[in-house]
Amino acid sequence: MEFSSHQNDHFPGWKVVFFQYLVAVVFFILLVGYWKIQVGEHGRYAEQAERNRIRSLPIIAPRGRVLDRAGRVLVNNAPAFSVMLLRENAASLTPDKVGAMARGLNLDLGELRSEISDASQGNRFQPIIIKPHAELEDASFVESHQTEFPELALLEVQDRVYPYHSFAAATLGHVGEVSEEQVDKPGSPYRPGDVVGQSGVEREYNSVLSGSDGMRRTIVNSRGEDVGSMTSIEVVPGRDVRLTLDLDIQQVAETGLGDRNGAVVALDPRTGDVLAMVSHPTYDPNGFARHIDRETWAHLTADPGKPLMNKAIQAQLAPGSIFKIITATAALETGTITSDFTVFCPGEVTIYGHTFHDWTFENGHGHGRVDLHNAIVHSCDVYFYTLGKLLGIDKMAYFAKHMGLGARTGIDLPAEESGLVPSPEWVEKVYHRKWWPGEAISVAIGQGAVMVTPLQLAYALGGIACGGVFHTPHLVSPSDALALNTKFTAGDAKRFPIGAGTLECLTRGMWGVVNEGGTGAGAKLPGIDIAGKTGTAQVVSTGLQKSSRSSTFNNNAWFVGFEPSTKPEIVVAVLVIGGGHSAVAVPIARDVIKAYYDKKQSHQPTLEQAETQVRLLSGPLQVPSGRGKH
């Protein structure tokens, strides 16, 4: 009895009860966990198990080609390979094996180790790309070392190829791997590693050009060996995009601008078709297609010539005397003057207590007494200073905006700039002061705060010459516009009617600029009816130009020409940044117009001739340099 009493002292009843409750709680937790796994999250675990037995290998859709208006290939694809790492065996790779793999594929060892470490996470049967643009040597290494490196496989891809290298690079754009920002953007359809259009036409029509990737799905065992196949997802190739660009006219424009900083735009003002678009200095987009290195990227972004900018739609600069056509239109249409209104030009004029000089002032003379026609032909500043005073800024701004300045044209390209037409409201908003009447005097000759792009000037003067019909500029062929869901509809145009008398006065004046010994006489060609307007725009004051020896302060040279002078079929705007005088821009436009005229008189080149031209022009693949190669 004493023994039993002693045992009861060591095992009190409350401990037995506590142990029973503990066992009950543990069993309850186990039952809840079992229910959660088997019932509550059955779908998720079943999906993971399914993924662990299925290997999905992507089939990359080839991007659509980009063609010129005659069907000649401007952007194409070439068969290539990427090297994949099969995840299922990645965790078992030894350091020595990783090092040999890096040496064989010419990869950075540290980056490869990082990728292998990341590969150990997630679905082990989903491969990752460790070398997107494999060379022939890389493909040979993978094929010849299958026994040694069963973790490696080749993926067939399509490299983007630009056969004309830097030609039209700013317009066509380039492709590149998606950035983290693009992937993380809400609603983004992109996955890490996707190659997409990053600028120009490649970006604007990326959804059309890219198509849809396919997928080959196979069943694998626990060792990663294929034991069966499943239904695959068919690849949908990207669609070809035909542009309005004319390769022959583009080539003349590229060659004409040469290594000078600037832009050339050629439009058909009857339709808005962009026949040529050049921006220099330029770059070779082939380098971006195959992964551009940091050094080259730094060189391109630091280049003061801004080779990555499409100056045709992004360079916002004072138009100089070309704006005088806008001023003249406003003066005639509002009845402020008639075409026989004359002004005496002694080389300078004082308005609102400030003396404004004519461009002839440095030569010690003026233009004498001039009417509107001669003021346009010889670009008399004093005449248009006077019109600026008579009109005021409100009337000039009204006509400038209705004729396409100070707003985007709506061209189907990303990142178009709007330019600027100054107004009292703009000054109040930006500078918090009232508009000074004297500011309108400079605006009247295209100086002061007014800024335009080359495309806007081509659009505006082409529309004026067509009687006030301004067709939306576009790069995609109108026949494809509806199917490609473009920003414009074929035939889109804004109308701002110009009186017949005003139109005749303006076109005769611009014809005289070229054919009556005017400032654009360098564009005159026998048998070709060219009209136009020059512009020499100051970037700093005359005094600062004289005191500084830097070419940075040189005037910008402009010329806009069209042919024929009535009902034009082509309008060409040329900008040479720092060109000094408009005379340097005139021959470029002349040659482009002549190329159009000559081509119209002859037959279109055959595709066979075009392919031969591609081979002659392209040459060996070059790394982007930041300067155009022509």
Side-chain angles (χ1 to χ4, degrees), residues 266-272 319 321-342 370-380 383-384 387-388 390-391 395-406 409 421 444-446 452 456-473 491-516 518-520 523-524 528-535 558-573 589 593:
L267 298 177
D268 183 339
R270 301 168 300 176
T271 60
S321 294
I322 295 176
F323 193 85
K324 292 173 181 177
I325 301 302
I326 307 296
T327 305
T329 305
L332 291 170
E333 288 294 285
T334 58
T336 303
I337 66 166
T338 58
S339 60
D340 58 358
F341 175 76
T342 63
V370 293
D371 59 9
L372 179 57
H373 177 79
N374 285 305
I376 293 174
V377 171
H378 300 290
S379 200
C380 177
Y383 190 96
F384 286 95
L387 293 191
L390 294 174
L391 285 166
K395 290 180 181 178
M396 287 190 292
Y398 175 84
F399 277 83
K401 291 177 179 178
H402 279 80
M403 291 189 286
L405 304 186
T409 65
V421 174
I445 66 163
V452 300
Q456 285 177 332
L457 283 188
Y459 172 69
L461 263 68
I464 291 172
C466 288
V469 181
F470 302 83
H471 284 276
T472 302
D492 269 3
K494 296 179 181 178
R495 285 169 172 77
F496 185 64
I498 298 173
T502 298
L503 179 61
E504 182 183 1
C505 182
L506 295 175
T507 53
R508 280 195 303 108
M510 288 188 281
W511 185 87
V513 168
V514 175
N515 299 281
E516 294 179 357
T519 53
K524 184 176 181 179
I528 303 180
D529 182 26
I530 300 176
K533 185 69 188 79
T534 55
W558 290 93
F559 180 70
V560 178
F562 50 90
E563 189 276 336
S565 60
T566 56
K567 298 181 180 179
E569 300 176 12
I570 182 172
V571 55
V572 181
I593 292 173

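Keep in mind that this is a model prediction, so the values were computed, not measured. Both backbone and side-chain heavy atoms feed into the values below; hydrogens, waters and symmetry mates do not. FYI, the numbering just counts along the sequence from 1.
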*Hey, does Ile337 have a side-chain heavy atom less than 4.5 Å from the side chain of Tyr383?*
yes
*asked:* Using the rule given for ring pair (Phe, Tyr, Trp, His ring centres under 6.0 Å), can you reason through Phe470 versus Phe496, listing the C-alpha separation, both sets of side-chain angles and the distance that settles it, and then say yes or no?
replied: CA-CA 8 Å; Phe470 302 83; Phe496 185 64; 7.3 Å; no
_Nearest atoms (heavy-atom pairs only) where Thr327 meets Ala444_ = OG1-O, 2.9 Å
*Examine distances only and state if a side-chain atom of Glu563 and a backbone atom of Val571 form a donor-acceptor pair shorter than 3.5 Å.*
no
_Please report the interatomic distance OG1(Thr334) to NZ(Lys395), rounded to the nearest 0.5 Å._
4.5 Å
*Is there a side-chain contact between Val370 and His378, using heavy atoms and a 4.5 Å cut-off?*
no
*Gap separating the CZ atom of Phe399 from the CD1 atom of Ile464, nearest 0.5 angstrom*: 10.5 Å
*Could you tell me whether a side-chain N or O of Lys324 sits under 3.5 Å from a main-chain N or O of Ser379, the two making a donor and an acceptor?*
yes
*Mind checking the CG-OG1 spacing from Asn374 to Thr342? Nearest 0.5 Å is all I need.*
11.0 Å
*Can you tell me how far the CE atom of Met510 sits from the CD1 atom of Ile322, to the nearest 0.5 Å?*
10.5 Å
*Considering all heavy atoms, the nearest Val377-Val513 contact*: CA-CG2, 3.7 Å
_Heavy-atom pair with the smallest gap, counting every atom of Lys494 and Tyr459_ = CD-OH, 3.8 Å
*Are Asp492 and His471 side-chain neighbours, meaning at least one heavy-atom pair lies under 4.5 Å?*
no
_Validation row: Glu569, Phe562 side chains within 4.5 angstrom (heavy atoms)_ = no
*Please step through side-chain contact (heavy atoms from CB on, under 4.5 Å) for the pair Lys567 and Arg270, ending with a clear verdict.*
CA-CA 8 Å; Lys567 298 181 180 179; Arg270 301 168 300 176; over 6 Å; no
*Is the shortest heavy-atom distance from the side chain of Cys505 to the side chain of Leu332 under 4.5 Å?*
yes
_Backbone of Leu503 reached by a side-chain donor or acceptor of Thr507 within 3.5 Å_ = yes
*Does Lys401 NZ have over 12 foreign heavy atoms under 6.0 Å away?*
yes
*Any side-chain heavy atom of Leu390 within less than 4.5 Å of one from Phe341?*
yes
*Any idea which heavy atoms bring Ala589 and Phe559 closest together, and the distance?*
CB-CD2, 3.5 Å
*Please name the pair of heavy atoms, one in Ile570 and one in Ala266, separated by the smallest distance, quoted to 0.1 Å.*
CD1-CB, 4.3 Å
*Do you see a donor-acceptor pair shorter than 3.5 Å between the side chains of Ser565 and Asp529?*
yes
*Hey, mind stepping through Phe384 and Phe323 against ring pair (Phe, Tyr, Trp, His ring centres under 6.0 Å) and telling me if it holds?*
CA-CA 10 Å; Phe384 286 95; Phe323 193 85; 9.8 Å; no
*Report the distance from atom CD1 of Ile376 to atom NZ of Lys533, rounding to the nearest 0.5 Å.*
8.0 Å
*Okay, side chain of Asn515, backbone of Lys524: is any donor-acceptor separation there less than 3.5 Å?*
no
_Nearest-0.5 Å distance, CG of residue Leu267 to CG of residue Leu461_ = 11.0 Å
*Does some side-chain heavy atom of Leu387 sit less than 4.5 Å from a side-chain heavy atom of Thr336?*
no
*Does Pro319 reach the side chain of Leu457, with side-chain heavy atoms less than 4.5 Å apart?*
yes
